Amino acid sequence: MPSTIVWLRDDLRLDDNPALAAAASAPDPMTVVYILDEDSPGIRPLGGAARWWLHHSLAALAADLESRGSRLLLRRGAARDVLRGLAAETAAASILWNRRYALPERTVDANFEEWAAQHGIVATSFQANLLFEPGSVRTGSGGPYKVFTPFWRTCLAGNDPRMPLDAPQRLPGPAPAGDGSLPLSDSLDSWGLLPRRPDWSSGLAETWTPGERGGNLRLEEFLGGPVEEYGTGRDRPGLEGTSRLSPHLRFGEVSPFRVWHSLRERFPRNAPADVGIFRSELGWREFCWHLLDGNPQLATVNYRREFDRFAWQAPSGPELEAWQRGRTGYPFVDAGMRQLWQTGWMHNRVRMAAASFLVKNLLADWRLGEAWFWDTLVDADAASNPANWQWVAGSGADASPYFRIFNPVTQSKKFDAAGRYLRRFIPELAGLDDKTVHEPWTNSAAAPAYPAPLVGLQESRERALDAYQQLKDG
Ligand code: FAD
C-alpha cells in the first residue's frame, strides 16, 4: 500500500494545516515527521529560548496527533538524509509539506523535491504560514516593495487570504516499515532542547503555554476584548494590550489565515479602526519575510549598504552585559531587558526603546543586539528579528531614521506613567513615587540597589548624531 510522509516544520498545528489535511483526506498510511536539522548548510541554529519553546510545542503536538490516531516521529540530522532514509523505510509514494521561506530552508526543500522526482516520489507543497507569499506582491514595475505602506495597500487590494481549513478529526495511522514494525522515533528528551544547569526556564513556563491549544486561547482572549482597544493598548507595556501571539505564529501553532478570518467573523461589519491597526501588524510580519526573501543575509548585512561605513563603537564587556541584564540605570530599558530574560518576550514599544539604547546611546553594532534577541526571545524569527533591528538602527528598509533616538525617560513617562511595568520587573524601584520611578538617579538614596545611568542621554545622543553626520558626509 502506498504511504505518505507529512513533514512538519514551522507549522506545528493540526488546524489549518494544508499538508496534513491533504494527507488525511486519503486512506494511505501516513508518517508525520519533525526533523531537528542543525546540519544542513546555512540553517541558523535556534537560540536557547526558542529551543525551550520547540520542546514543549513538539510535546503538545505529539499528544494532539495521538488523540486523532496518528503519531509524531522525531528524527535528527540533515533533512535530506533523514527523509531519504524514511522514504525507503516506509516505501513512501508521496511527501507533503507547508512551504517555508528562508533561503537555506528553501534550498533544502528544492533539492529534496528534485531527488524525490528522480525517485518517483510525488512532493507537494502548500501555502500555510504567510498570507501573501514572497514574490506574489510586487510594485507596478515588478520589483519588491521597500516601503511598508504601499506593500500593505497592495496586499489588501488583492484577493482576501483563503479560508482556513478545519483540523482533521481522524488521521490515518502511521506507515509500518517492511517488516511490519513502526519506524523508530528519537525521544524528545534526548534532543536536549531544555536548559539544564542552570535551568533558567521557570519564568518562561509561568508565562507561556506552548502549543496549539495555548495559541488558540491567546487568540480567543485577545479577540474577546483587547483587540477593540488595540490602537492605544498596544503602546502600554503595563497592560495586556497586545495579542502575544508572536511565538505561536513563529512556530506555526496558530495559522495567520485563522487569525485573519477570526477577525472577520468577530467583526463582520464596522470593525473598529483598532482592528485595521492590528491587521497591519500582521502585515509587518509579512513585510519582514518579503524583505528577507530579497535579502537572505538580512541578519548580517546592512540592507542599506552605506551603513557598512558606519562607525559603530564596540561596547566594553561590562557595558554590553549591563544592557543584556537590565542594569543600564534607565528603568524603561532595564524593565524590558529583564522582561526578556525572565519571560522570553518583550513588549514591542520597549523592544524599540531598548534596541535604540544599544545602537544609538551605546553606539553598538545592531548585530550584537540581534544576536542577543535571537538567543533570548521565544518568538525569535529569522525575518522579523533582523528586519526590526535594522529598522531601529536606521540601516533597514523603511527604517526609522537614524536621527530618531528614543528617549527612554520620555517613553516611560508617556507609556507607563504610573510605573506599573517598571515596578513589575525592577523590584529595586518598588518604593519610588510615580515621578521618581522614571528617573531614579534624582533620588538614588531611595533605590540604593539600582545602578546609576551607564551613559548620559544628552552626550550619548550627540555622539550618535555626530557619527551619523560623518556617515552622511562620506
Ligand atoms: P501584536 O501587537 O499582538 O501583533 C500581532 C502580530 O503581528 C505579532 O504576533 C507579530 O507576529 C506581528 N508583528 C507585530 N509587530 C511586528 C513587527 N514590528 N514586525 C514584524 N511582525 C510584527 N517579532 C517577532 O515575531 N519575532 C522577532 O524576532 C522580533 N524581533 C524584534 C526585534 C526588535 C528590535 C523589535 C523592535 C521588534 C521585534 N519584533 C519581533 C516585532 C514585535 O516586537 C513583536 O512581533 C511583538 O512585540 C509581538 O507581540 P504580540 O504578539 O503581542 O504582537
Side-chain angles (χ1 to χ4, degrees), residues 10 44 46-47 49-50 53 102 129-131 148 151-152 207-208 214-215 218-219 221-223 226-227 229-237 239-256 259-260 262-263 274-292 298-299 323 333 336-337 339-340 343-360 364 366-400 404 406 411:
D10 294 331
R44 191 172 184 185
L46 293 181
W53 190 284
N129 295 331
L130 288 180
L131 300 165
F148 174 73
F151 164 81
W152 192 231
T207 313
W208 301 101
R218 286 270 183 210
L219 179 59
E221 277 169 18
F222 181 65
L223 293 178
V227 67
E229 288 171 21
Y230 181 76
T232 46
R234 69 176 177 149
D235 275 327
R236 303 269 182 271
L239 305 177
E240 297 248 337
T242 67
S243 69
R244 305 203 177 201
L245 282 171
S246 51
H248 299 288
L249 284 165
R250 153 68 187 86
F251 285 93
E253 300 165 353
V254 172
S255 151
V259 178
W260 185 271
S262 301
L263 285 168
D274 303 72
V275 173
I277 300 174
F278 176 70
R279 222 182 257 129
S280 75
E281 294 304 327
L282 296 175
W284 272 99
R285 174 174 177 268
E286 305 277 328
F287 184 56
C288 292
W289 278 100
H290 283 250
L291 290 177
L292 183 70
L298 199 63
W323 177 78
V333 173
M337 297 306 291
Q339 179 177 35
L340 175 60
T343 71
W345 185 88
M346 195 198 300
H347 189 279
N348 181 59
R349 164 103 351 234
V350 197
R351 288 188 204 203
M352 293 190 288
S356 172
F357 187 83
L358 182 75
V359 288
K360 297 186 179 169
W366 60 266
R367 282 161 277 230
L368 287 172
E370 199 275 343
W372 180 252
F373 272 32
W374 180 260
D375 197 30
T376 51
L377 277 172
V378 285
D379 64 25
D381 181 278
S384 297
N385 197 41
N388 276 285
W389 271 96
Q390 295 225 40
W391 182 88
V392 175
S395 62
D398 199 3
S400 172
R404 177 165 180 215
F406 283 76
Q411 292 280 313

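Just so it is clear, the structure is predicted and the values come from calculations on it, not from any experiment. Just so it is clear, the values below take in all heavy atoms, side chains as well, and ignore hydrogens, waters and symmetry mates. One-based numbering, in listed order, for ligands and for the atoms of each.
Contact annotation: for F373 versus ligand 1, heavy atoms closer than 4.0 Å belong to the side chain alone. In L249, the part holding a heavy atom less than 4.0 Å from any atom of ligand 1 is the side chain. Under 4.0 angstrom from ligand 1, the non-hydrogen atoms of W345 all belong to its side chain. At a heavy-atom cutoff of 4.0 Å, ligand 1 is contacted by no atom of W374, backbone or side chain.
Less than 4.0 angstrom separates some heavy atom of L245 from each of these atoms of ligand 1: 9 (O), 51 (O). Atoms of ligand 1 found under 4.0 Å from any heavy atom of A380 (numbered from 1 in listed order, with element): 28 (O). With ligand atoms numbered from 1 in the order given, ligand 1 contributes 36 (C) to contacts under 4.0 Å with heavy atoms of M352.
A cation-pi contact links R279 to W260, judged by a cut-off of 6.0 Å to the six-membered ring centre and 45° from its axis.
At a threshold of 4.5 Å between non-hydrogen side-chain atoms, the residues F278 and V259 count as touching. Side-chain contact between L377 and R351 is present, with heavy atoms from C-beta onward closer than 4.5 Å. Contact annotation: the side chain of Y230 never approaches that of V275 to less than 4.5 Å [non-hydrogen atoms, C-beta and beyond]. By the 4.5 Å heavy-atom criterion applied to side chains, F373 and L340 are counted as neighbours. At least one side-chain heavy atom of L263 sits under 4.5 Å from a side-chain heavy atom of L223.
Heavy-atom proximity to atom 21 (N) of ligand 1, evaluated over R234, R285, R218, is greatest for R285. Within the set Q390, E281, R279, the minimum heavy-atom distance to atom 13 (N) of ligand 1 is found for E281. Of all the listed residues (R351, E370, R250), R351 holds the heavy atom that lies closest to atom 31 (C) of ligand 1. In this structure, of V378, N388, V392, I277, the residue bringing a heavy atom nearest to atom 17 (C) of ligand 1 is N388. Atom 6 (C) of ligand 1 has its nearest heavy-atom neighbour, among V350, L282, D381, V259, in L282.
In terms of polar-atom proximity, defined here as any N/O pair under 3.5 Å, W389 makes no such contact with ligand 1. Of the N or O atoms in W284, none lie within a sub-3.5 Å distance of an N or O in ligand 1. When only interatomic distances are considered, the shortest N/O to N/O separation between A355 and ligand 1 does not fall below 3.5 Å. For ligand 1, the polar-atom distance check against N385 finds a nitrogen or oxygen pair separated by under 3.5 Å.
For atom 45 (O) of ligand 1, the nearest protein heavy atom (residue, atom name, distance) is S246 CB, 4.2 Å. The protein heavy atom nearest to atom 26 (N) of ligand 1 is D379 O, 2.9 Å. Nearest protein neighbour of atom 47 (O) of ligand 1, counting heavy atoms only, is N348 CB, 3.4 Å. Among all non-hydrogen protein atoms, the one lying nearest atom 20 (C) of ligand 1 is S384 OG, 3.5 Å. Counting protein heavy atoms only, atom 3 (O) of ligand 1 is closest to S243 OG, 2.6 Å.
In plain terms, the two heavy atoms of L130 and R285 that are nearest each other are CD2-NH1, 3.9 Å. The minimum heavy-atom distance linking I277 with G231 is given by the pair CD1-CA, 3.9 Å. Across G241 and P226, no two heavy atoms sit closer than the pair O-CB, 4.3 Å.
H290 meets the ring pair (Phe, Tyr, Trp, His ring centres under 6.0 Å) test with F151; sequence neighbours excluded. Shown here are the salt bridge (charged side-chain N to carboxylate O under 4.0 Å, His left out) partners of R234, two or more places apart in sequence or in another chain: E281.
Within the structure, the closest approach of Y230 to ligand 1 falls below 4.0 Å when heavy atoms are considered. At least one heavy atom of F278 sits closer than 4.0 Å to an atom of ligand 1. Ligand 1 has R244 within reach: a non-hydrogen atom of the residue lies less than 4.0 Å from it.
No hydrogens or angles considered: a donor-acceptor pair under 3.5 Å links the side chains of W345 and S246.
A parallel orientation is assigned to the rings of F148 and W284, their planes being inclined by less than 30° (bins at 30° and 60°).
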For this session: For the pair R250 and D379, evaluate salt bridge (Lys or Arg N to Asp or Glu O under 4.0 Å) and give the outcome as yes or no after the intermediate values.
Result: CA-CA 6 Å; R250 153 68 187 86; D379 64 25; over 6 Å; no
